[in-house]
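The structure appears right after this line, and notes come after that.
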Protein chains: 4
Amino acid sequence: MSKEFFPNVPKIKYEGPESDNPFAFKFYDPDKKVAGKTMREHLRFSVAYWHTMTGDGSDPFGVGVNIRPWLSITDKMEQAKARMHALFEVLDKLDIDFFCFHDRDIAPEGETLRESHRNLDEIVSLAKQLMGEHKVDLLWGTACLFQHPRFTHGAATSCNADIFAYAAGQVKKAMEVTKELGGHNYVFWGGREGYDTIWNTDMKLELDNMARFLEMAADYAKKIGFNGQLLVEPKPKEPTAHQYDYDVGNILAFLLGYGLADRFRINIEQNHAILAGHTFQHEIRLARQNGMLGSLDANQGDYLLGWDTDQMTTSIPEAVAVMYEVLHTDGLAPGGMNFDAKLRRGSFEPDDIFLGHIAAMDTYARGLEIAARMKDAGTVDTFVADRYSSWKSGIGAEIVAGKHDFDSLEKYILDKAPIEITSGRREWVEAEINRFI
Amino acid sequence: MSKEFFPNVPKIKYEGPESDNPFAFKFYDPDKKVAGKTMREHLRFSVAYWHTMTGDGSDPFGVGVNIRPWLSITDKMEQAKARMHALFEVLDKLDIDFFCFHDRDIAPEGETLRESHRNLDEIVSLAKQLMGEHKVDLLWGTACLFQHPRFTHGAATSCNADIFAYAAGQVKKAMEVTKELGGHNYVFWGGREGYDTIWNTDMKLELDNMARFLEMAADYAKKIGFNGQLLVEPKPKEPTAHQYDYDVGNILAFLLGYGLADRFRINIEQNHAILAGHTFQHEIRLARQNGMLGSLDANQGDYLLGWDTDQMTTSIPEAVAVMYEVLHTDGLAPGGMNFDAKLRRGSFEPDDIFLGHIAAMDTYARGLEIAARMKDAGTVDTFVADRYSSWKSGIGAEIVAGKHDFDSLEKYILDKAPIEITSGRREWVEAEINRFI
Amino acid sequence: MSKEFFPNVPKIKYEGPESDNPFAFKFYDPDKKVAGKTMREHLRFSVAYWHTMTGDGSDPFGVGVNIRPWLSITDKMEQAKARMHALFEVLDKLDIDFFCFHDRDIAPEGETLRESHRNLDEIVSLAKQLMGEHKVDLLWGTACLFQHPRFTHGAATSCNADIFAYAAGQVKKAMEVTKELGGHNYVFWGGREGYDTIWNTDMKLELDNMARFLEMAADYAKKIGFNGQLLVEPKPKEPTAHQYDYDVGNILAFLLGYGLADRFRINIEQNHAILAGHTFQHEIRLARQNGMLGSLDANQGDYLLGWDTDQMTTSIPEAVAVMYEVLHTDGLAPGGMNFDAKLRRGSFEPDDIFLGHIAAMDTYARGLEIAARMKDAGTVDTFVADRYSSWKSGIGAEIVAGKHDFDSLEKYILDKAPIEITSGRREWVEAEINRFI
Amino acid sequence: MSKEFFPNVPKIKYEGPESDNPFAFKFYDPDKKVAGKTMREHLRFSVAYWHTMTGDGSDPFGVGVNIRPWLSITDKMEQAKARMHALFEVLDKLDIDFFCFHDRDIAPEGETLRESHRNLDEIVSLAKQLMGEHKVDLLWGTACLFQHPRFTHGAATSCNADIFAYAAGQVKKAMEVTKELGGHNYVFWGGREGYDTIWNTDMKLELDNMARFLEMAADYAKKIGFNGQLLVEPKPKEPTAHQYDYDVGNILAFLLGYGLADRFRINIEQNHAILAGHTFQHEIRLARQNGMLGSLDANQGDYLLGWDTDQMTTSIPEAVAVMYEVLHTDGLAPGGMNFDAKLRRGSFEPDDIFLGHIAAMDTYARGLEIAARMKDAGTVDTFVADRYSSWKSGIGAEIVAGKHDFDSLEKYILDKAPIEITSGRREWVEAEINRFI
């Protein structure tokens with residue numbers, strides 16, 4: 001298929017901050033080296049199939065508005081193929097190396113699971129061919145266990161055991177095609193794994209079943225030799241009133257409690273983090289210091305709205321915080337930064353696909369450069385290290401070394417003169433960060 | 001000391017719902033049997049020393065307003081003694097069997113930790129004597145590690161190792177006096193265990209230290225033969241911008257991750273739950289199905305406000321939810337329901353102490369009776385059991401029994417006809433609950 | 001059309017609280033007299049066409065799930081007619097006297113506005129006939145100015161003047177059919193009258209245009225002799241990030257500022273109120289003391305969720321607050337209580353339509369009875385009156401009478417002894433309200 | 001008094017972004033010209049006496065921590081004088097030209113109002129002398145009507161008429177001293193003008209009284225020849241559960257409803273705006289397009305916290321939004337930007353006073369420069385103008401000119417072909433703004 005879907009959009013190139021060409025990167029310069037690696041290697045950007053290719057711009061108060069060239073094709077499989085071709089044009093023009101998808105984003109649901117599998121196989125085969133031609137990788141695959149009415153009461157946590165079985169069959173296949181496409185990761189986002197009201201819910205059974213499901217999935221990954229990371233994704237609410245995978249902490253508790261913590265890592269999203277009351281930075285930090293940081297869903301929410309707006313990231317301070325954490329980790333790979341972000345409903349033209357991604361890519365590029373400069377200057381890191389210096393020697397070091405108990409500590413402190421503490425200097429720290437922006 | 005502090009307030013007695021005597025219980029009839037136990041045995045009410053005896057009604061925008069007879073006593077120790085005497089008058093008149101306290105609520109801080117210990121010993125000795133005379137028990141004790149400037153950056157999670165040592169010495173003593181007074185539990189609420197900004201924080205070291213601290217505490221409890229429950233209390237924010245003990249799930253993750261889960265249980269508060277985005281019922285359910293339900297802080301927050309208002313519970317639906325969970329557990333003991341609730345600043349008269357507790361006690365008494373009737377009728381429980389009946393036989397029972405994997409489930413479901421699911425009937429469930437109110 | 005759509009559902013009758021028949025009222029006894037009027041006259045319940053008849057149970061994460069008998073009819077106009085017939089079966093069986101609708105709920109959109117008008121006329125004619133047969137009234141009509149892509153950037157506040165014109169043509173027709181059907185009110189809910197981001201918005205022009213639009217509408221109502229109330233409905237957010245009709249206060253400011261306050265009143269919804277940070281009671285009180293209370297959208301939101309859940313009201317305390325305000329007003333007429341409430345997505349069976357309305361109707365019936373008993377007892381009203389008694393005589397009465405200024409008041413107070421104030425007794429007030437529940 | 005309070009802190013000078021001297025401006029260069037005026041003239045910074053001079057760092061969970069040299073002075077009046085001297089050292093060193101205060105911040109409360117007046121006079125006399133010596137202006141004065149127990153139930157809206165009288169006497173004096181000091185504005189922030197619960201509140205009487213109070217105040221200002229702006233300040237909640245001056249819209253409704261709109265303008269604060277669910281930019285825009293923008297309280301809140309954190313502004317995007325609005329207005333004068341911001345409790349050292357103000361001043365300086373460059377480039381403004389171009393000619397211009405009604409608009413649109421709308425380009429707009437950061 002040689003058709004060009006976005007003939008008006010050129011290949012996006014780096015032109016620098018002075019450029020006012022909307023179809024150019026102002027800050028993202030993919031092969032520029034920053035802190036020892038290229039921007040491309042650090043950022044590992046990925047297009048989210050659902051928002052960018054399949055999403056129609058509908059919301060609870062209005063129908064689809066997105067203008068997309070493939071929507072005029074009425075045959076569902078033909079439309080799906082055209083959309084897959086279009087993906088690679090998007091990736092090429094944006095110079096993005098990865099994509100992510102749910103099974104049902106790329107191929108239509110059939111009458112039976114067998115027919116759905118068949119549809120999926122056909123599109124996956126096309127995707128594989130195109131990936132080869134375009135040198136694109138699959139960051140992760142997943143299964144959509146929330147759109148179909150059968151999942152109304154959940155999938156792995158459904159009150160109906162047949163639904164659990166159906167979800168198992170669907171995830172099995174999704175894992176197979178993820179492996180087939182060389183996916184670096186497989187993600188579990190439990191869209192309806194939660195409850196509408198606890199009053200009609202057997203939460204114990206539901207959580208036990210969720211654990212059974214994940215264990216079967218990990219076993220199956222092993223069986224088929226899928227070596228990518230298995231990632232659970234937190235979200236506190238929406239669509240259900242309470243999602244079990246509330247935040248990083250709740251997922252940790254679940255995985256540790258059911259003995260699954262060494263088989264899964266976590267895929268963290270900014271908008272989900274803030275809906276749970278945490279900063280994105282907190283969730284990344286908590287995951288990474290538990291060895292659980294798997295990958296990132298790169299978007300931003302609106303702090304004044306209570307639902308998941310999934311906006312393209314344009315906040316430079318947010319991007320700095322993310323990249324600061326990433327630079328203090330050993331890189332994101334095999335994870336990446338997936339644009340789980342949708343264009344605002346008012347941005348319904350095809351051009352907006354590109355403008356939106358450019359906006360976010362430039363933002364993270366700046367975040368990376370600023371965080372690298374901060375790390376290089378070391379002023380903030382040094383301040384923090386100094387703040388905790390009492391733990392490096394004397395009583396602090398002894399406590400860390402396990403040499404104390406309440407008795408010895410009471411003796412040490414009982415008649416001590418008032419302890420002096422020093423300012424946390426938050427305002428200076430924030431000003432210092434700003435100096436690098 | 002024979003002085004009566006509240007001469008205008010009689011001993012509160014049950015007079016029934018028709019009574020318009022403000023100083024009477026309308027619903028709480030302590031020795032009435034409900035579901036096999038007396039109300040008193042089910043509810044295990046406790047007065048919170050800090051709000052009821054020590055709190056002055058100040059808020060960030062205004063000074064103390066509470067009119068309390070003991071405030072005219074200028075000597076700090078004499079005032080502390082008078083206040084302790086007054087507690088027992090409050091307990092007697094309200095017919096409440098338990099109280100809870102922080103060390104610094106009951107005795108003033110000294111110049112050194114040694115002097116603080118001495119002050120505490122003196123008041124504890126008085127408390128012990130009065131407890132014997134009044135047949136009152138200590139539900140739990142705790143240490144105040146948040147008011148003094150030394151704890152500005154935290155206690156166990158301070159950046160300063162001496163502060164950790166100080167906190168250790170203070171908690172050691174608080175555990176000793178809790179044991180001395182026969183406390184049923186000891187509570188850890190980490191008032192400033194969290195951060196103001198993650199940018200100046202070594203979160204890894206802070207959490208490691210928090211674990212070290214709790215382990216020392218558990219070891220010390222064992223050493224001195226304190227057999228009460230050790231309880232950690234979740235709160236997501238305030239005073240710090242992010243508290244580590246965010247919610248039940250985050251505490252579970254922490255305790256499991258550091259190997260402390262079998263040494264601690266959880267003390268859950270309604271207002272803290274809703275600040276974390278959960279219903280109280282969710283948090284209680286999550287704790288109890290993990291075997292971690294320790295005790296309850298009985299209060300209610302204002303859903304439209306973003307801080308901890310700690311109101312006396314007057315919401316009957318909230319009380320029903322709590323008591324439904326309690327009745328489906330094996331009782332609250334050795335925990336109880338501690339009124340971690342303060343009177344509104346506008347309720348500053350001594351009488352309000354009694355009116356506030358009556359309001360809450362009557363509310364929980366109704367919650368108990370309604371939940372007991374619901375349980376007895378069984379309509380909601382039966383509906384829930386029916387909803388999950390597919391897990392009792394056939395494929396569901398096989399999955400629960402561990403007989404399936406993704407292969408066998410796919411085979412089972414691959415060509416199956418569409419799965420029928422049935423309504424969750426939330427509206428009916430809520431109406432059915434209302435039928436018992 | 002004699003077809004019965006819900007053959008399994010009987011006519012719902014009052015059976016009293018002891019009944020466990022799900023298809024019976026436990027508390028709503030339509031012709032029972034309370035406070036001088038029948039429950040029916042007080043409550044003026046209305047079915048919302050959009051949620052109950054047209055809604056399909058879809059949400060942003062899933063497709064429609066609702067099982068509705070008319071959905072098998074593929075011809076849009078025939079389906080619309082069947083649905084209208086079904087409405088009257090719902091109204092009859094629930095013994096509800098009113099309904100409300102948007103133009104596009106009842107008849108499908110055509111290719112041009114002219115064709116849409118034609119479709120609407122055909123269905124309105126059927127509705128009129130059925131209203132006569134079933135003795136049902138139209139509480140209010142309105143126009144849907146948010147679902148179609150043309151309204152993506154707003155209707156009266158669109159950046160495109162043609163859209164303003166289109167909206168004018170559509171509202172003109174909606175007002176005509178509302179008059180034709182004897183509607184008691186006409187409602188303006190500006191679904192997309194707001195902005196996604198202020199950065200691309202000429203807010204001044206948009207608000208000026210919104211005022212122009214409402215003025216034309218009021219002029220047109222006068223021209224065609226429509227004597228019902230014209231009502232503006234507040235909502236703070238969703239679908240737009242910021243809706244201009246944020247809350248009662250913001251609407252008042254807008255109407256007063258543009259000289260429209262005597263031509264419009266306000267239609268208030270619980271869920272919209274709490275999304276704006278107010279209690280429903282506050283918004284009703286504010287409207288009624290400004291003479292602006294028009295009608296109520298009777299639903300409830302989930303305080304822990306940040307979007308409009310539009311639940312059937314089952315909270316008795318909420319219902320008491322509403323009915324207390326209504327009883328202290330001169331009744332709701334010509335407004336009413338419209339169930340702008342949708343069944344949870346999990347309640348997708350036809351029976352749930354009835355169970356959901358029964359739940360809410362019983363809840364408001366209890367609210368009415370409890371509020372009436374409270375008003376009759378007078379204890380709360382008397383307490384409030386006493387609290388403000390200083391304004392009935394002396395300096396207070398003089399101030400109210402306009403006899404003072406800063407000079408005279410300073411003279412009065414300059415050397416006065418400390419002023420005694422008394423407790424606000426919130427806890428007692430709440431307990432007293434509970435006594436009537 | 002020649003004592004220097006902050007001997008370690010030099011006069012803060014502009015050193016540019018490369019400087020790592022914490023006691024230097026990196027971006028604020030007071031006499032640098034931007035968009036035709038100096039930074040100093042644009043920004044009109046002001047120190048808030050209460051946070052910076054009087055605040056002690058206490059919070060609801062802990063006592064005061066701030067280290068301030070004057071706190072060792074035990075005589076209240078002497079301490080107050082030392083603090084006033086220290087203010088001018090702060091202003092001098094920070095090169096800030098304005099300050100703001102509440103009466104009770106600067107002078108201690110006396111036993112009677114007369115005595116309080118006397119204390120105030122004494123300090124005001126000192127302030128006046130120092131203002132002359134230091135060439136400093138008073139941006140605004142106000143009265144503290146919320147700290148003293150007498151104001152527990154409100155001041156102008158108290159249930160007790162004597163409290164109204166007291167507040168009148170206190171505000172009268174505060175207006176006099178504001179005039180005496182040449183204040184540019186006088187502010188009304190109704191700290192406790194609202195309710196704790198609507199159930200014990202006569203909201204109608206309270207709002208009538210609030211209007212009476214403001215009318216008396218405006219009359220008194222006129223009487224004494226105070227020509228500064230009278231400003232009302234919105235805040236939605238805290239300390240009361242519901243504050244009447246909720247947001248700009250609610251204040252407008254109140255002022256318009258009581259005929260006071262031409263006598264008052266509005267003083268807007270970022271943190272109060274976001275607590276009400278609005279962006280600061282929205283509130284500024286709404287005020288300015290109603291001719292009501294009076295002055296700004298320059299701070300920032302924490303979007304994840306539900307109380308007023310009053311942080312020093314360090315968010316560059318927030319500062320850009322503010323300065324964009326200011327540059328599109330005719331300047332802020334006679335208002336200004338008052339740092340109604342307090343240092344975090346952890347920033348308790350004297351140095352933090354300077355570091356905090358430097359952080360915020362640099363942030364606004366950057367906001368100003370970025371907004372000026374944006375305005376100069378004109379790309380965003382042009383985009384917005386183009387977006388609304390349909391209102392400049394044809395049907396749009398006719399509608400604006402009042403030439404249409406529903407009849408003529410229906411005729412115009414009835415058979416029109418589908419209307420094309422274009423993308424709102426939010427992502428591009430945000431990227432374009434970032435280009436200037």
Side-chain angles (χ1 to χ4, degrees), chain B residues 50 55-67 104 109 144-154 158-159 189 191-192 195-197 199-201 235-243 274-275 277 301-311 314 342-349, chain D residues 50 55-67 104 109 144-154 158-159 189 191-192 195-197 199-201 235-243 274-275 277 301-311 314 342-349:
Chain B
W50 52 102
D56 66 357
S58 62
D59 71 14
F61 296 84
V63 300
V65 291
N66 286 349
I67 300 169
R104 298 298 174 260
E109 174 110 13
C144 174
L145 304 176
F146 44 91
Q147 277 184 344
H148 192 279
R150 77 173 64 87
F151 299 122
T152 296
H153 300 312
S158 177
C159 47
W189 175 60
R192 297 198 190 266
Y195 55 76
D196 179 46
T197 173
W199 282 111
N200 70 5
T201 302
K235 188 178 182 187
K237 54 187 92 170
E238 199 201 24
T240 75
H242 199 287
Q243 311 260 134
I274 69 172
L275 285 171
D302 184 324
Y303 286 94
L304 296 177
L305 301 180
W307 64 92
D308 196 25
T309 59
D310 277 348
Q311 296 168 223
T314 55
K342 68 181 171 213
L343 302 164
R344 299 304 82 200
R345 191 170 184 263
S347 302
F348 51 78
E349 298 180 6
Chain D
W50 51 103
D56 65 358
S58 63
D59 71 14
F61 296 85
V63 300
V65 292
N66 286 349
I67 301 169
R104 298 297 175 260
E109 175 110 11
C144 174
L145 305 175
F146 44 90
Q147 277 185 345
H148 193 279
R150 76 172 67 85
F151 298 122
T152 295
H153 302 310
S158 175
C159 48
W189 176 59
R192 297 198 190 266
Y195 55 76
D196 177 49
T197 172
W199 282 111
N200 71 5
T201 303
K235 186 177 183 188
K237 55 188 91 170
E238 199 202 23
T240 75
H242 199 287
Q243 310 259 134
I274 68 172
L275 286 172
D302 184 324
Y303 287 94
L304 296 177
L305 301 180
W307 64 92
D308 197 24
T309 59
D310 278 350
Q311 295 168 224
T314 56
K342 66 179 172 215
L343 302 164
R344 300 304 80 203
R345 191 169 182 265
S347 301
F348 51 79
E349 298 180 5

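Letters A, B, ... are given to chains in the order of the sequence lines, protein chains preceding strands, and every chain is numbered from 1. Reckoned from all heavy atoms, side chains included, excluding hydrogens, waters and symmetry mates.
When Gly64(B), Gly346(B), Pro239(B) are compared by the number of non-hydrogen pairs under 4.5 Å with chain D, Pro239(B) comes out ahead. Between chain B and the residues His148(D), His242(D), Gln147(D), the most heavy-atom pairs under 4.5 angstrom are made by Gln147(D). Ranked by heavy-atom pairs under 4.5 Å with chain B, the first of Lys237(D), Glu238(D), His153(D) is Glu238(D). With chain D as the partner, the residue from Leu305(B), Asp308(B), Thr309(B) showing the most heavy-atom pairs under 4.5 Å is Leu305(B). Most heavy-atom pairs under 4.5 Å with chain D, from the set Thr197(B), Val65(B), Asn200(B): that is Val65(B). Taking Trp307(B), Phe61(B), Phe348(B) one by one and counting their heavy-atom pairs under 4.5 Å with chain D, the maximum is reached by Phe61(B).
Smallest separation of non-hydrogen atoms from Asp196(B) and Arg344(D): OD2-CG, 3.1 Å. The heavy-atom pair separating Pro149(B) from Val63(D) by the smallest distance is CD-CG2, 3.5 Å. Annotation for Phe146(B) and Phe151(B): closest pair N-CD1, 3.8 Å, computed over non-hydrogen atoms. Scanning all heavy atoms of the two residues, the minimum distance from Ala241(D) to Asp302(B) falls at CB-OD2, 4.2 Å.
Proximity of a side-chain donor or acceptor of Arg345(B) to a complementary backbone N or O of Thr240(D) within less than 3.5 Å is not detected.
Comment: Arg192(D) engages Asp59(B) in a salt bridge, judged by a side-chain N to carboxylate O separation of less than 4.0 angstrom.
Using a 4.5 Å cut-off between heavy atoms, Leu304(B) touches chain D through its backbone atoms (N, CA, C, O) alone.
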